2 protein chains.
Amino acid sequence: MLSNACQYAIRAILYLGIQTDENNKIGVKQISEDLETPQPFLAKLLQQLTKTNLVSSTKGPNGGFYLSEKDTKNSVWDVIKTIDGTSKFDSCFLGLSKCTDETPCPVHFIVSPFKEKLLNSFRDKTIEQYVIEIQQTGKIISLKDFDILKN
Amino acid sequence: MLSNACQYAIRAILYLGIQTDENNKIGVKQISEDLETPQPFLAKLLQQLTKTNLVSSTKGPNGGFYLSEKDTKNSVWDVIKTIDGTSKFDSCFLGLSKCTDETPCPVHFIVSPFKEKLLNSFRDKTIEQYVIEIQQTGKIISLKDFDILKN
DNA sequence: CTAAAAAAAGATTTTTTAGTCTTTAAATAA
DNA sequence: TTATTTAAAGACTAAAAAATCTTTTTTTAG
Ligand code: FES
Ligand code: FES
């Protein structure tokens, strides 16, 4: 459904929400190890997210990536928009040119409510809220049994 | 969500359900024109669907592709399984290795119910049922305003 | 029996997505 | 001030998906 790039990006931003703030930055090397994503590829993605102000970064010793207070107010939807664009959520499941209730394809009324609700969920919930939920319920963000609640 | 290949395949099988039977076969050229899909690519897909017994075909003059009575009893899910495989419906939205209620990623409980219900819809409805619904409600199967209820 | 029509098979090309590598710029600690 | 650390930038390569082209086989109408 989402591209690899977008999946990595979402996991990374949630990771940053959990692990970092202005005084606790983490380098791309560690992030990609913890999340088990290809390092240079993730670096590109983080650069992109930095350029669109979804994550923050500083260079040099003790530098790295982090989420500022403000950054945590963004949504997963913001990440999806930046990396994959909106098309997957507003285009027809069967690839037809228009996806509206007036020009429904044979699966439109099956698929459409899902897309709608999914989009709302991703748009209305902040990274901060996700982070709280992850910390309280111990949800998983990495491929291996990386316990998000360690340290 | 689905690959181009799979979208074309689903549209094609519904088209065949509407337009063809044992005595009314249609060649790939016409099908691809009506559905506005790349011709040789669609040909490949129809071959694949023929090999897995989801559509029928005969060679030679007046030959072409068609759905037999039996073929219409298959489901859209059968097509998806053949062309794209099941992974999109049973793997994690964030690309983690396991997608279960016991090992949920941060979006699992948002996404999972959708996938489940969507899968059921595609699995429990036959091509035949889709065709009836399309004919009754005039749903769209092509990019342009190809009126499925013509002829 | 032959020519034409159509699918089948499979090799090839193009485009997109994924991923890597190398160089440059900034920050900071010593 | 200088060496080191880290992100930024951009060129590059690899793999997968999408699409095309070419040849072969089957069918059947004449
Ligand atoms: S028209 Fe196909 S999903 Fe809406
Ligand atoms: S674990 Fe991620 S969607 Fe189920």
Side-chain angles (χ1 to χ4, degrees), chain A residues 1-12 16 20 22-33 35-68 71 80 82-85 87-88 94-95, chain B residues 1-12 16 20 22-33 35-68 71 80 82-85 87-88 95 143:
Chain A
M1 179 126 198
L2 298 176
S3 67
N4 281 10
C6 199
Q7 296 180 338
Y8 297 159
I10 293 172
R11 284 164 53 200
L16 291 173
T20 70
E22 283 81 348
N23 320 309
N24 294 286
K25 299 159 192 171
I26 304 191
V28 85
K29 186 163 175 233
Q30 165 118 44
I31 301 172
S32 64
E33 272 169 18
L35 296 180
E36 296 177 286
T37 61
Q39 210 238 76
F41 191 45
L42 185 62
K44 285 271 136 178
L45 294 169
L46 288 171
Q47 279 173 36
Q48 229 183 311
L49 295 174
T50 302
K51 234 187 311 192
T52 55
N53 299 308
L54 295 175
V55 322
S56 303
S57 70
T58 55
K59 292 178 179 180
N62 297 318
F65 293 94
Y66 65 100
L67 290 201
S68 68
D71 291 336
I80 294 174
T82 299
I83 306 293
D84 272 1
S87 68
K88 270 159 192 150
L94 296 185
Chain B
M1 178 123 195
L2 299 176
S3 67
N4 283 10
C6 199
Q7 296 180 337
Y8 298 159
I10 293 172
R11 285 164 55 202
L16 291 174
T20 69
E22 283 83 350
N23 320 309
N24 294 285
K25 300 158 190 171
I26 304 190
V28 83
K29 186 163 175 232
Q30 165 117 42
I31 301 172
S32 64
E33 272 170 18
L35 296 179
E36 295 179 284
T37 62
Q39 210 240 73
F41 191 44
L42 184 63
K44 285 272 135 182
L45 295 169
L46 288 171
Q47 279 173 37
Q48 228 182 311
L49 294 174
T50 301
K51 232 186 316 193
T52 53
N53 299 308
L54 295 176
V55 320
S56 305
S57 72
T58 55
K59 292 180 180 178
N62 297 319
F65 293 94
Y66 65 98
L67 290 200
S68 67
D71 292 336
I80 294 174
T82 299
I83 306 294
D84 272 2
S87 69
K88 270 160 192 148
L143 287 169

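Heavy-atom basis, side chains included; hydrogens, waters and symmetry copies ignored. So that the names make sense, note that chain A is the first sequence line, chain B the second, and so on, each numbered from 1. Bear in mind the structure is a predicted one, so any value in this text is a computation, not a measurement.
- Considering only side-chain atoms of B:Val28, the nucleotide from D:dA8, C:dA7, C:dT20 that sits closest is C:dA7.
- Here the P atom of nucleotide D:dT28 and the CG atom of B:Asn23 are 13 Å apart, to the nearest Å.
- If you take CD of A:Gln47 and P of C:dG19, they are 16 Å apart, rounded to a whole angstrom.
- Figure legend. C:dA30 is base-paired to D:dT1; pairs are counted as Watson-Crick or G-U wobble with both atom distances under 3.5 Å.
- The base-pairing partner of D:dG30, taking Watson-Crick or G-U wobble contacts with both distances under 3.5 Å, is C:dC1.
- Using modelled atom types, one side-chain atom of A:Thr52 and one backbone atom of A:Gln48 make a donor-acceptor pair closer than 3.5 Å.
- Mapping B:Lys44 and A:Asp84 onto DNA chain C via the closest heavy atom, the residue that lands nearer the 5' end is B:Lys44.
- The residue A:Pro40 sits close to a base: some heavy atom pair falls under 4.0 Å.
- The shortest distance between side-chain heavy atoms of A:Tyr8 and A:Pro38 falls below 4.5 Å.
- The distance from atom CD of A:Gln39 to atom P of D:dA8 is 13 Å, rounded to the nearest whole Å.
- Between B:Asn4 and the phosphate of D:dA19, there is a side-chain N or O to OP1/OP2 separation shorter than 4.0 Å.
- Checking C:dT20, C:dA7, D:dA8 against the side-chain heavy atoms of B:Ser57 singles out C:dA7 as nearest.
- Taking every side-chain heavy atom of A:Lys59 into account, C:dA26 is the closest of C:dA7, C:dA26, D:dT20.
- Shortest non-hydrogen contact noted between B:Asp71 and B:Tyr66 is OD2-O, 3.9 Å.
- Taking atom NZ of residue B:Lys29 and atom C1' of nucleotide C:dA4, one finds them 15 Å apart after rounding to whole Å.
- Atom-to-atom, NZ of A:Lys25 to P of C:dA26 comes out at 17 Å; the value is rounded to the nearest Å.
- OP1 and OP2 of C:dA26 both lie 4.0 Å or more from every side-chain N or O belonging to A:Thr58.
- The CD-C1' distance, from B:Gln48 to D:dA19, rounds to 14 Å in whole Å.
- A side-chain donor-acceptor contact under 3.5 Å links B:Thr20 to the backbone of B:Leu67.
- In this entry the distance linking CG of B:Leu42 with C1' of C:dA8 reads 14 Å, nearest Å.
- Heavy atoms of A:Ile26 sit under 4.0 angstrom from primed sugar atoms or phosphate atoms, though from no base atom.
- Looking at A:Asp84 and A:Lys88, their side chains come closer than 4.5 Å, going by heavy atoms from C-beta outward.
- Regarding B:Phe41, its CZ atom lies at a distance of 18 Å from the P atom of C:dA11, rounded to whole Å.
- Residues B:Ile31 and B:Leu16 have side chains in contact (heavy-atom distance under 4.5 Å, counting atoms from C-beta outward).
- Regarding contacts with the backbone of D:dA19, a side-chain N or O of B:Tyr8 is found under 4.0 angstrom from either OP1 or OP2.
- A sub-4.0 Å separation between OP1 or OP2 of D:dT5 and a side-chain N or O of A:Asn62 is absent.
- Toward the 5′ end of DNA chain C lies the nearest nucleotide of B:Pro61, the other residue of the pair A:Pro61 and B:Pro61 mapping further downstream.
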